[in-house]
Amino acid sequence: MLLNVNNITVYYGSALALKDVSLKVEEGEIVAVLGPNGAGKTTLLRSIFGLVKISKGSINFMGRETHKLPPYSIAKIGISLCPERRRLFPEMTVLENLEMGAYMRKDKDEIRKDLKRVLELFPILEERRNQKAGTLSGGEQQMLAIGRALMSRPKLLMLDEPSLGLSPIIKGRIFKSVEEIRNEGITVLLVEQDASSALRIADRAYILEVGRVVLEGKSKDLVASEQVKKAYLGI
């Protein structure tokens with residue numbers, strides 16, 4: 001088991017954000033987390049990355065308890081978070097943003113290899129490498145955010161709403177790149193509101209509502225579920 005989230009509860013002040021949430025991710029999977037706005041999806045990723053403290057339960061990554069570690073320690077052991085709305089450094093160039101993703105690494109030769117691979121995965125970033133990130137289109141910024149997250153060479157890549165605000169064509173490219181990333185051996189935990197696209201590429205999925213897991217299973221089974229069809233697929 002690569003990641004095991006076990007019955008975690010999270011509060012924001014006195015407000016309950018997550019209640020007894022459990023989730024498992026096996027190495028080599030794409031696992032999707034679906035649900036409406038306010039369901040707790042982003043809070044779940046932030047909890048795994050150490051940005052939000054849990055009040056109950058545990059989080060285990062590669063056999064090690066991580067829920068008491070700070071985010072930089074969690075990043076060092078192999079988890080990378082690509083946050084919602086990208087959070088780039090807008091005044092820095094594309095290349096500088098990518099280099100920031102590897103700021104904790106010292107293996108310069110391997111960093112160069114990873115940079116080359118990111119630019120192969122997203123060729124438009126090669127063309128824009130000296131352009132300021134803030135001048136990129138929304139789709140290009142999302143590609144850059146994913147590329148930056150990959151530069152830490154994670155074992156688990158967590159993506160928070162990577163298709164948010166993108167056109168259908170660019171959205172398709174983003175989901176295709178997520179499949180390519182998994183095919184290269186990086187496990188992916190994907191938070192998405194576009195349930196149809198997420199279930200198409202994910203091996204398994206969890207559905208959150210009001211801070212609780214209400215449904216989980218293999219993607220093919222969830223796609224066939226009348227409950228999922230009605231609530232999330234518009235069928």
Quick one: pull up [atom1] in [X] and [atom2] in [Y] and give me the separation to the nearest 0.5 Å.
{"X": "Leu208", "Y": "Glu216", "atom1": "CG", "atom2": "CD", "value": "10.5 Å"}
{"X": "Leu98", "Y": "Thr93", "atom1": "CG", "atom2": "OG1", "value": "8.0 Å"}
{"X": "Arg112", "Y": "Glu99", "atom1": "CZ", "atom2": "CD", "value": "11.0 Å"}
{"X": "Glu209", "Y": "Leu34", "atom1": "CD", "atom2": "CG", "value": "10.5 Å"}
{"X": "Ile59", "Y": "His67", "atom1": "CD1", "atom2": "NE2", "value": "7.5 Å"}
{"X": "Met158", "Y": "Leu3", "atom1": "CE", "atom2": "CG", "value": "8.0 Å"}

side-chain hydrogen bond (donor to acceptor under 3.5 Å, both in side chains) partners of Asp221, counting only residues at least two apart
none
Non-hydrogen atoms of [X] and [Y] that approach each other most closely:
{"X": "Val213", "Y": "Ser22", "answer": "CG2-O, 4.0 Å"}
{"X": "Asn97", "Y": "Met92", "answer": "ND2-O, 3.4 Å"}
{"X": "Ala202", "Y": "Ser219", "answer": "O-OG, 2.8 Å"}
{"X": "Val118", "Y": "Gly147", "answer": "CG1-CA, 3.7 Å"}
{"X": "Ile77", "Y": "Arg64", "answer": "CG2-NH1, 3.4 Å"}
{"X": "Val10", "Y": "Ser47", "answer": "CG2-OG, 3.5 Å"}

Would you call [X] and [Y] a side-chain contact if the rule is heavy atoms closer than 4.5 Å?
{"X": "Ile54", "Y": "Leu18", "answer": "no"}
{"X": "Met151", "Y": "Leu115", "answer": "yes"}
{"X": "Ile8", "Y": "Leu44", "answer": "yes"}
{"X": "Leu2", "Y": "Met62", "answer": "yes"}
{"X": "Ile79", "Y": "Lys155", "answer": "no"}
{"X": "Leu166", "Y": "Gln141", "answer": "no"}
{"X": "Glu96", "Y": "Phe89", "answer": "no"}
{"X": "Asn7", "Y": "Val21", "answer": "no"}

Salt bridge check: are Lys116 and Glu120 linked by an N-O gap of less than 4.0 Å?
yes
Sequence neighbours left out, what pairs pass salt bridge (charged side-chain N to carboxylate O under 4.0 Å, His left out) with at least one residue falling in residues 130-147?
Glu91-Lys132, Arg128-Glu140
Begin from the C-alpha positions of Arg46 and Thr43 and carry the test side chain to side chain donor-acceptor pair (under 3.5 Å) through to its verdict.
CA-CA 5 Å; Arg46 288 171 59 84; Thr43 299; over 6 Å; no
If you group Ile, Leu, Val, Met, Phe, Trp and Tyr by side-chain heavy-atom gaps below 4.5 Å, do [X] and [Y] land in one group?
{"X": "Tyr11", "Y": "Val52", "result": "no"}
{"X": "Leu23", "Y": "Ile186", "result": "no"}
{"X": "Leu189", "Y": "Phe175", "result": "no"}
{"X": "Phe49", "Y": "Leu159", "result": "no"}
{"X": "Phe61", "Y": "Ile30", "result": "no"}

Could you walk me through whether Val5 and Val25 pass the side-chain contact (heavy atoms from CB on, under 4.5 Å) check?
CA-CA 9 Å; Val5 177; Val25 181; over 6 Å; no
Please assess Val188 against Ile181 for the test side-chain contact (heavy atoms from CB on, under 4.5 Å), listing each intermediate value before the final yes or no.
CA-CA 8 Å; Val188 178; Ile181 288 165; 4.2 Å; yes
Hey, does the side chain of Asp107 reach the backbone of Glu110 with a donor-acceptor pair shorter than 3.5 angstrom?
no
Given 3.5 Å as the limit, does a donor-acceptor pair link the side chain of Ser55 with the main chain of Thr9, or not?
yes
Which residue pairs pass the side-chain hydrogen bond (donor to acceptor under 3.5 Å, both in side chains) test when at least one of the two sits in residues 24-37, sequence neighbours left out?
Glu29-Arg204, Asn37-Gln193
Strictly by side-chain hydrogen bond (donor to acceptor under 3.5 Å, both in side chains), give each pair with a member in residues 170-190 just once, sequence neighbours left out.
Arg117-Glu184, Lys171-Asp194, Arg182-Asp203
Counting only heavy atoms not in Tyr12, do more than 12 fall under 6.0 Å of its OH?
yes
For the CZ atom on Arg87, are there more than 12 heavy atoms of other groups (residues, nucleotides or ligands in this structure) within a distance under 6.0 Å?
no
Is it true that Glu192 and Ser163 share a donor-acceptor pair across their side chains at a distance under 3.5 Å?
yes
With Ser152 via side-chain contact (heavy atoms from CB on, under 4.5 Å) - residues at least two apart
Ser80, Pro154
Results of side-chain contact (heavy atoms from CB on, under 4.5 Å) for Glu84 - residues two or more places apart only
Thr42, Asp160, Glu161, Leu164
Taking it one step at a time, do Tyr206 and Val31 satisfy side-chain contact (heavy atoms from CB on, under 4.5 Å)?
CA-CA 8 Å; Tyr206 293 79; Val31 174; 3.8 Å; yes
Determine, stepwise, if the pair Ile146 / Phe122 fulfils side-chain contact (heavy atoms from CB on, under 4.5 Å).
CA-CA 10 Å; Ile146 295 173; Phe122 301 116; 4.1 Å; yes
